[in-house]
Amino acid sequence: MKSAARVAATSLGVHMPYNYVTPAPVLRGFFRSFSLREVPLEKPRTLLAQAPQRIETIAASVEARERGAFETSADPITRLTDRLDLPEAVAKPIWLRIAGVEGPTDLSFLESRQLMDHAFRADERCNGCAVCARICPVRNVEMVGDRPAWRHRCEQCFACLQWCPKEAIQFRGNTSGQRRYHHPDVTLADMVRSAPKA
Ligand code: SF4
Ligand code: SF4
């Protein structure tokens with residue numbers, strides 16, 4: 001199966017601000033520490049301003065039923081990791097290790113990715129509001145009593161972490177106290193409206 005990065009390399013993409021978690025600093029405490037990458041406040045505005053034009057280009061390509069490999073706006077590092085197939089060689093073992101899967105496995109790259117939610121937890125600031133459960137696009141978060149539980153079919157969008165109104169959701173050790181980010185023009189009502197219903 002092709003990795004997600006390979007699929008992205010043969011498609012059209014819109015370059016948006018980075019809301020993912022990254023092992024930090026690189027390689028030190030690799031399996032314990034992840035942090036949210038700080039994005040300078042001006043950069044999201046610049047990227048978001050460029051997005052409509054990019055979307056028009058993509059829409060025109062789809063309407064014209066163009067075929068073949070397209071360039072993406074992915075940065076050189078992304079292209080390099082794709083070429084070296086690092087998602088399969090590096091990311092998959094990390095996710096499996098986070099999930100506590102030991103030894104040989106038949107799990108695919110994408111199945112392994114879904115298990116990475118073993119690293120989420122809600123800290124003492126959680127007030128049981130259930131926003132995380134209501135906005136998850138794949139209904140991977142369920143409330144058990146007044147606390148969220150992750151059901152291991154995660155798509156790693158990080159909406160739950162970024163939108164928690166109490167900033168109570170953490171990923172491993174390093175995300176507490178780090179600035180959250182979501183698109184400035186998207187509201188919580190938008191997120192709830194677009195999420196699948198039970
Ligand atoms: S959104 Fe945050 S505060 Fe609300 S239930 Fe989820 S973790 Fe708790
Ligand atoms: S909101 Fe996104 S990151 Fe959070 S559990 Fe759902 S799919 Fe995973």
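Every number for a ligand or one of its atoms is a count from 1 in the order of the listing. Positions are given from 1 along the sequence.
- The aromatic rings of Tyr20 and Phe158 sit perpendicular to each other, their planes meeting at more than 60°, with 30° as the lower class boundary.
- Distances from atom 4 (Fe) of ligand 1 show that Cys129 has an N/O/S atom below 2.8 Å.
- Contact annotation: Val138 has at least one heavy atom less than 4.0 Å from an atom of ligand 2.
- Closest heavy-atom approach to atom 2 (Fe) of ligand 2 within the set Ala133, Pro148, Cys157: this belongs to Cys157.
- Residue contacts with ligand 2, taken as heavy atom pairs separated by less than 4.0 Å, do not involve Ile135 at all.
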Between Thr175 and Gln178, does the side-chain hydrogen bond (donor to acceptor under 3.5 Å, both in side chains) criterion hold? Intermediate values first, please.
CA-CA 5 Å; Thr175 55; Gln178 294 180 342; 5.6 Å; no
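- In this structure, Met143 has a heavy atom closer than 4.0 Å to ligand 1.
- No side-chain heavy atom of Gln114 sits less than 4.5 Å from a side-chain heavy atom of His152.
- Closest to atom 6 (Fe) of ligand 1, if we only count protein heavy atoms, is Cys132 SG, 2.3 Å.
- Counting only heavy atoms from C-beta outward, the side chains of Arg113 and Leu110 approach each other to under 4.5 Å.
- Nearest residue to atom 5 (S) of ligand 1 from Ala130, Cys136, Cys160 is Ala130 (criterion: closest heavy atom).
- Closest to atom 7 (S) of ligand 1, if we only count protein heavy atoms, is Ile169 CG1, 3.4 Å.
- Protein heavy atom closest to atom 3 (S) of ligand 1, with residue, atom name and distance, is Asn127 OD1, 3.3 Å.
- Counting only distance, with no hydrogens or angles, the side chain of Asn140 and the backbone of Trp150 share no donor-acceptor pair below 3.5 Å.
- Looking at Glu167 and Arg125, no side-chain N of the basic residue comes within less than 4.0 Å of a carboxylate O on the acidic one, giving no salt bridge.
- In terms of modelled atom types and a separation under 3.5 Å, the side chain of Gln162 and the main chain of Asn19 share a donor-acceptor contact.
- Below 4.0 Å from some heavy atom of Phe158 lie the following atoms of ligand 2, by number and element: 2 (Fe), 3 (S).
- Close approach of ligand 2 to Trp150 is summarised as follows: ligand atoms under 4.0 Å from at least one heavy atom of the residue are 5 (S).
- At least one side-chain heavy atom of Pro148 sits under 4.5 Å from a side-chain heavy atom of Met143.
- Atom 8 (Fe) of ligand 1 has its closest protein heavy atom at Cys126 SG, 2.3 Å.
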